[in-house]
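What follows is a single structure, written as structure tokens, with notes after it.
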Amino acid sequence: MKSNASITFLGAAGTVTGSKTLLEFGGKRVLIDCGLFQGLKNLRVQNWAEFPVKPSTVDAVILTHAHLDHCGYLPKLVREGFNGPIHCTPPTADLTKIILEDSAKIQEEEANRANRYGYTSHEEAKPLYTLDHVKQTLPLLVEHEYSEWVLLDTDLKFQLHNAGHILGSAIVEMVFGDKTIVFSGDLGTFEPLLLTPPKHLKRADYIVTESIYGDRLHPQIKAIDELKSAVLRADQKNGILIIPTFAVERAQEIIYILTQLKFQESIPDIPIFLDSPMGANATEVFLKHPGWHTLGEKRCKEMCQNIIVVRDIQQSKSVLNSDSPKIVLAGSGMVTGGRVLHYLAKHIGNPESTVLLAGFQAAGTRGRQMQEGVHEVKFFGQWHRVRAEIIQTAGLSAHADQNDLLKWLGQFDKTTKKIFINHGEPMASHSLKLKIQDVLHVDSQVAENGVKNELG
Ligand SMILES: [Zn+2]
């Protein structure tokens, strides 16, 4: 038997971003996810801190999926010396490319803008990483199908399983010596719109589970009804409907629903613009991997015919400057950056405009502030008065709720020694811990940042 195994949470402990879990076993170091901290400033500054172990000593990274809070730190890890394989599914590899390139661009643009307008408290604003660092990162991606065993060492291996969260998302089942640990990654609901539900697994000595909705149940509202009423509301006011959109999955889900509504003639024939290069590219990834979602090739193509994809800045400006009624999907989903800020700069002060927040809004993001009803938000170095109507959808979620999490965890046999709870704000994680104890009677522990947990 080799030396003891341990896991250390280097992010997504007490928060929902910055997912990084270090597994150490037999002299090997494997990082499960390598995400960026987002939201509150005290979280974002952690992206700049020195990595707790030397990046060159990490042997491999396994990505559960391509969201920025799971893959967005990779170029920094590579910049600082990591040179090992980054294991993931084929759609995750394609989506990670899109997401990292966009992230580098946003960081470069923000640093430039901050320097140009002098609204930085630093001497000179610098990006966390650049497109060059992304270029060094992408060749390290290694693709694997679901249920394919990947050997990392003689007695260390893993396989990926469907997580039902976003295209290509995975649960990681890892075997070290004679023990098994399962990392949930982000788990989807049991009725995902475009995917199949998370895979049932039967056995694990240890489980690391997300808990983003560990204290909540999703309301029984249908997303199609919510979107319909948002479109009708915007139409009634003759204004613009802005949907800050997560480029991956959420954009495709919304386009799919809007297409259905148009087809049923339940909404007027208002033009739908997708002003998100990343959203357009992610839609292409859906077309490229028809076997990884439930839409199929034909419906996927039909869906794309119903939207106007904004291809360049010139077109974006003309969409922005026209006052005719329209629906605009633009990134980013939590209003932390991207083209949606330009639409909001023009329209957020107008009561005739409607903003539909279509997903989880992390603490500290502008999306969360708007959700909570602030009267002004700051971006581009200025405060903007919020007069537009802000609506939040509840029927669309890429995440399991408390019931789903308990159902998924309850499928394991009773040999599990401990469940570690990460990827949740403290209230959510602690509520899930109580439920796990009461309902499943399994020992559990809320993840603490930087603390090494021995796996006996
Ligand atoms: Zn995710």
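Because only heavy atoms are used, hydrogens play no part in the values below, and waters and symmetry mates are left out as well, while side chains stay in. Position 1 is the first residue of the sequence; numbering continues from there. A quick note: this is a predicted structure, and the numbers were derived from the prediction, not measured. Order of listing sets the numbers, starting from 1, for every ligand and every atom in it.
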To make sure I understand the geometry: which N, O or S atom in H65 is closest to the Zn ion (ligand 1)?
NE2
Give the atom name of whichever N/O/S atom in D186 sits closest to the Zn ion (ligand 1).
OD2
Any cation-pi pair here, K179 with Y206, using under 6.0 Å and within 45°?
no
Tell me yes or no: between the side chains of E173 and Q159, is some donor less than 3.5 Å from an acceptor?
yes
R339 and salt bridge (Lys or Arg N to Asp or Glu O under 4.0 Å): which partner among D275, D312, D102?
D275
Rounded to 10 degrees, the angle NE2 of H165 makes with ND1 of H67 at the Zn ion (ligand 1):
90°
Are any side-chain N or O atoms of S6 and backbone N or O atoms of E454, one a donor and one an acceptor, separated by less than 3.5 Å?
no
